[in-house]
Amino acid sequence: AQKVTQAQTEISVVEKEDVTLDCVYETRDTTYYLFWYKQPPSGELVFLIRRNSFDEQNEISGRYSWNFQKSTSSFNFTITASQVVDSAVYFCALSEMNRDDKIIFGKGTRLHILP
Amino acid sequence: NAGVTQTPKFRILKIGQSMTLQCAQDMNHNYMYWYRQDPGMGLKLIYYSVGAGITDKGEVPNGYNVSRSTTEDFPLRLELAAPSQTSVYFCASSPSIYIQYFGAGTRLSVL
């Protein structure tokens, strides 16, 4: 069965600090996708990244980076030099291939960046 | 390019009333989804569709119905609204490459 666990319910950091959001997943499939979505206070869901299970390379996009480790079933998300605009709820999600694109979301981590 | 459009943005219903949440996408995506997001929780899949004329239940389908007569539209129907259906509802579409594009959401309160 699919499961996504985001153990951190809420995190607060001071602006310019680095912060890592944890994501641990469970799946019986060997082929799957992992995602991160951002939900700012305005409420919409913004796609950040998709990673397939065959590609364990870490990815960096500006201040955002993602660490995918199959050995620990984790897909952690780091924001460096955080900014107030990064304040949002962040969701990690998992989709097993050949499952009609169904995505299972974690409960989300609410990130507060304090000025 | 409008993307995924949900209407209405907000709605208050009385217990037992019915309503339809509208969702339309202009990206010609085959896959469409309805999720609900309860406070402090992640998204739970209500129904999904892999193409016009095909729908299937997700994780929490009870109390809801859907139809998919066209590729563009995927309305969600609540027949007898209950307080437990108070939530934010998100519609999403996907071109079947595992990226879902979300609408802005509909905030529903059942009182």
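Quick note: numbers below take in every heavy atom, side chains included, and nothing from hydrogens, waters or symmetry partners. A, B, ... follow the sequence lines: proteins, then strands. Residue 1 opens every chain. Note that the structure is predicted; figures quoted are calculated from it, not measured.
- One finds a salt bridge joining A:Asp86 and A:Arg63 here, because a Lys/Arg side-chain nitrogen approaches an Asp/Glu carboxylate oxygen to under 4.0 Å.
- Note on A:Val46, A:Ile104, A:Leu45: by heavy-atom pairs under 4.5 Å with chain B, the leading option is A:Leu45.
- Heavy atoms closer than 4.5 Å to chain A are found in both the backbone and the side chain of B:Leu43.
- With a 4.5 angstrom heavy-atom cutoff, A:Gln39 touches chain B only via side-chain atoms.
- Under the side chain to side chain donor-acceptor pair (under 3.5 Å) test applied with B:Tyr35, the options B:Glu59, B:Lys44, B:Gln100 reduce to a single match, B:Gln100.
- Criterion: ILVMFWY side-chain heavy atoms under 4.5 Å apart, direct or through other members. Under it, B:Leu80 and B:Ile12 are not part of a common hydrophobic cluster.
- By the criterion of side-chain heavy atoms lying less than 4.5 angstrom apart, applied directly or through intervening Ile, Leu, Val, Met, Phe, Trp or Tyr residues, A:Leu48 is grouped together with A:Tyr32 in one hydrophobic cluster.
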